[in-house]
Amino acid sequence: MPGICVIISILMNTLLNDIKTEQFRPVYLLYGEEAYLRRQYRDRLGEAIVPGEDTMNRTVYSGSKTDPLAVIDTGETMPFFAERRLIVIEDSGFFKSASPELADYMQRIPDYLHLIFVENEIDKRNGLYKAVQKAGYVCEFTRMDEKKLAAWAGKMLADAGRKIRTSDMEYFLTCTGNDMTHIRLEIDKLINYTEGREIIEREDIAAVTSVEIENRIFEMIRCVTEGKKQRALALYADLVALKEPSLRILALLARQYNQMLLTKLLAAERTEQGEIAKIIGAPPFAVRNYLRTVRNLSADQLREAVEKCARTEEDIKSGRMPDRIAVELLLLTA
């Protein structure tokens, strides 16, 4: 996990301290939209509680069909020639639906047992959430901001003997988005591609970096606004060839047009870029791209684009027009 502890030690200090001191809580809930960190800390915490080779005392449940009574039954089984038993429950949905049996069990967890729940989304009003919060430790993994992502990615490059200019790192993150799993994969590709060289150039990034779909969508919109309709159609054809459904592409087009409209309106009110990013739910580098693009567009033009996306969706769902052709017409007329 190169560089992560340096960047997020303040946020994850409790987990790191529990691992270091081996003073483990009965139950942990690791949740949030940053899947990379969830997985990393699931594995680190689990390995510290019960080593991976001890399959007799490690049990993993995954998915919404997990039976809470089966979890409890496993928890009541004494560890086999060991001090601790570990149960990992992942993507169960227990923290969005009722699970009174497990909520009750949180009050009587045996001393030898440790549970790790790993979820993407939770409801803090949920009874199990409140029970886990009382009995153990809850840790949310949110997306890192651009500065921390750049530091993390830069640390991985430095560990591999590579250097990168600040402007090129920004370009790299613009291509990858803020998903840490994707960034890690793209960093590995860059390191391999530049074997024997120290400096990573922008041309290297363009040559090997896989661009996230939302960034491709933005590039389509930018081409449309600049009158490069054929280029926008070519980008759309590439996404279709990659098996991206036309309706999903349309939904992302509508979302980004709406974000650009909000960016235009907020910028007119002199709202700071960081605040705009929070309001529209986009990373700061996306806001900077939006600001550059909307300079030459009016708020009315952006509203019309959002409305055209809605009409196109209606045409597709009503059967008046095939989905692929409908999106192509949208790109030609937006």
Side-chain angles (χ1 to χ4, degrees), residues 33-34 143-146 149 170-179 182-183 186 209-269 271-317 323-334:
E33 59 182 351
E34 184 43 76
R143 296 284 192 193
M144 282 192 183
D145 62 33
E146 185 179 2
L149 284 173
E170 182 176 320
Y171 171 69
F172 172 73
L173 292 176
T174 299
C175 293
T176 63
N178 61 356
D179 181 85
H182 184 62
I183 291 172
E186 298 306 316
T209 301
S210 299
V211 180
E212 287 282 79
I213 181 172
E214 293 207 4
N215 296 310
R216 291 183 186 229
I217 296 294
F218 174 74
E219 182 65 13
M220 286 167 54
I221 292 175
R222 190 182 64 79
C223 288
V224 168
T225 61
E226 293 178 358
K228 301 174 182 176
K229 302 294 179 73
Q230 292 304 313
R231 173 60 180 158
L233 288 174
L235 290 167
Y236 174 52
D238 288 343
L239 288 175
V240 171
L242 292 170
K243 307 300 183 184
E244 287 292 344
S246 292
L247 272 173
R248 180 169 184 247
I249 295 171
L250 176 60
L252 291 171
L253 280 167
R255 179 173 178 269
Q256 288 205 18
Y257 270 124
N258 191 57
Q259 287 182 326
M260 290 167 69
L261 172 59
L262 290 172
T263 297
K264 180 82 174 179
L265 297 174
L266 290 166
E269 298 175 358
T271 307
E272 293 184 354
Q273 289 187 26
E275 187 62 24
I276 293 175
K278 291 179 183 177
I279 293 171
I280 71 172
F285 52 78
V287 172
R288 288 198 292 275
N289 285 335
Y290 289 164
L291 287 170
R292 284 192 287 265
T293 302
V294 301
R295 282 194 195 116
N296 300 319
L297 297 172
S298 68
D300 287 340
Q301 286 176 303
L302 292 166
R303 285 193 189 92
E304 176 62 20
V306 173
E307 291 168 3
K308 281 185 176 180
C309 288
R311 291 196 295 269
T312 300
E313 181 181 12
E314 185 179 342
D315 287 341
I316 293 171
K317 291 185 174 179
D323 54 2
R324 179 166 181 173
I325 294 174
V327 176
E328 287 177 349
L329 287 175
L330 171 66
L331 294 173
L332 287 170
T333 60

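Under a 4.0 Å N-O distance rule, the pair R288/E170 qualifies as a salt bridge. Under 4.0 Å is where a charged nitrogen must lie from a carboxylate oxygen, and between R222 and E219 at least one such pair does. With salt bridges taken as basic N to acidic carboxylate O contacts below 4.0 Å, one links R311 and E304.
In this structure, the side chains of L239 and I217 come closer than 4.5 Å at one or more pairs of heavy atoms. Counting only heavy atoms from C-beta outward, the side chains of I213 and F218 never approach each other to under 4.5 Å.
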Would E307 and R303 count as a salt bridge (Lys or Arg N to Asp or Glu O under 4.0 Å) if you check the C-alpha gap in whole Å, the side-chain angles of each, and the deciding distance to 0.1 Å?
CA-CA 6 Å; E307 291 168 3; R303 285 193 189 92; over 6 Å; no
Test log, rule side-chain hydrogen bond (donor to acceptor under 3.5 Å, both in side chains), inputs N258 and R255:
CA-CA 5 Å; N258 191 57; R255 179 173 178 269; over 6 Å; no
Walk me through whether Y257 and V224 qualify under side chain to side chain contact (heavy atoms under 4.5 Å, CB included).
CA-CA 12 Å; Y257 270 124; V224 168; 4.0 Å; yes
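The backbone N or O of A299 lies less than 3.5 Å from no partner atom in the side chain of K264, so there is not a single donor-acceptor pair. The backbone N or O of E272 lies less than 3.5 Å from no partner atom in the side chain of E275, so there is not a single donor-acceptor pair. The main-chain N or O of E214 is found under 3.5 Å from a side-chain atom of Q256 such that the two form a donor-acceptor pair. Side-chain atoms of K229 come within 3.5 Å of backbone N or O of L332 as a donor-acceptor pair. The main-chain N or O of T174 is found under 3.5 Å from a side-chain atom of N215 such that the two form a donor-acceptor pair.
Counting all heavy atoms, side chain and backbone alike, M220 lies closest to L235 at CG-CB, 3.5 Å. Nearest heavy atom pair, residue A326 against residue I316, reads CB-CG1, 3.6 Å. When all heavy atoms are compared, the tightest approach of R324 to A237 is NH2-CB, 3.9 Å. Of all heavy-atom pairs spanning L291 and R295, the tightest one is O-CG, 3.2 Å.
Each of L302, V287, I280, I276 was compared with L262 under the side-chain contact (heavy atoms from CB on, under 4.5 Å) criterion, and only I280 meets it. When each of R216, E328, E244, R231 is paired with Y236, the side-chain contact (heavy atoms from CB on, under 4.5 Å) condition holds for E328 and for no other.
Between the CG atom of L173 and the OH atom of Y171 there is a distance of 12.0 Å, given to the nearest 0.5 Å. The line from CG of L266 to CD of Q273 is 12.0 Å long, rounded to the nearest 0.5 Å. The distance from atom CG of L253 to atom NZ of K308, rounded to the nearest 0.5 Å, is 13.0 Å. The line from CG of L265 to CE of M260 is 12.0 Å long, rounded to the nearest 0.5 Å. Between the CD1 atom of I279 and the OG1 atom of T271 there is a distance of 5.5 Å, given to the nearest 0.5 Å. Here the CD1 atom belonging to I183 is positioned 11.0 Å from the SG atom belonging to C175, to the nearest 0.5 angstrom.
For the 3.5 Å distance criterion, the side chains of Y290 and Q259 qualify, holding a donor opposite an acceptor.
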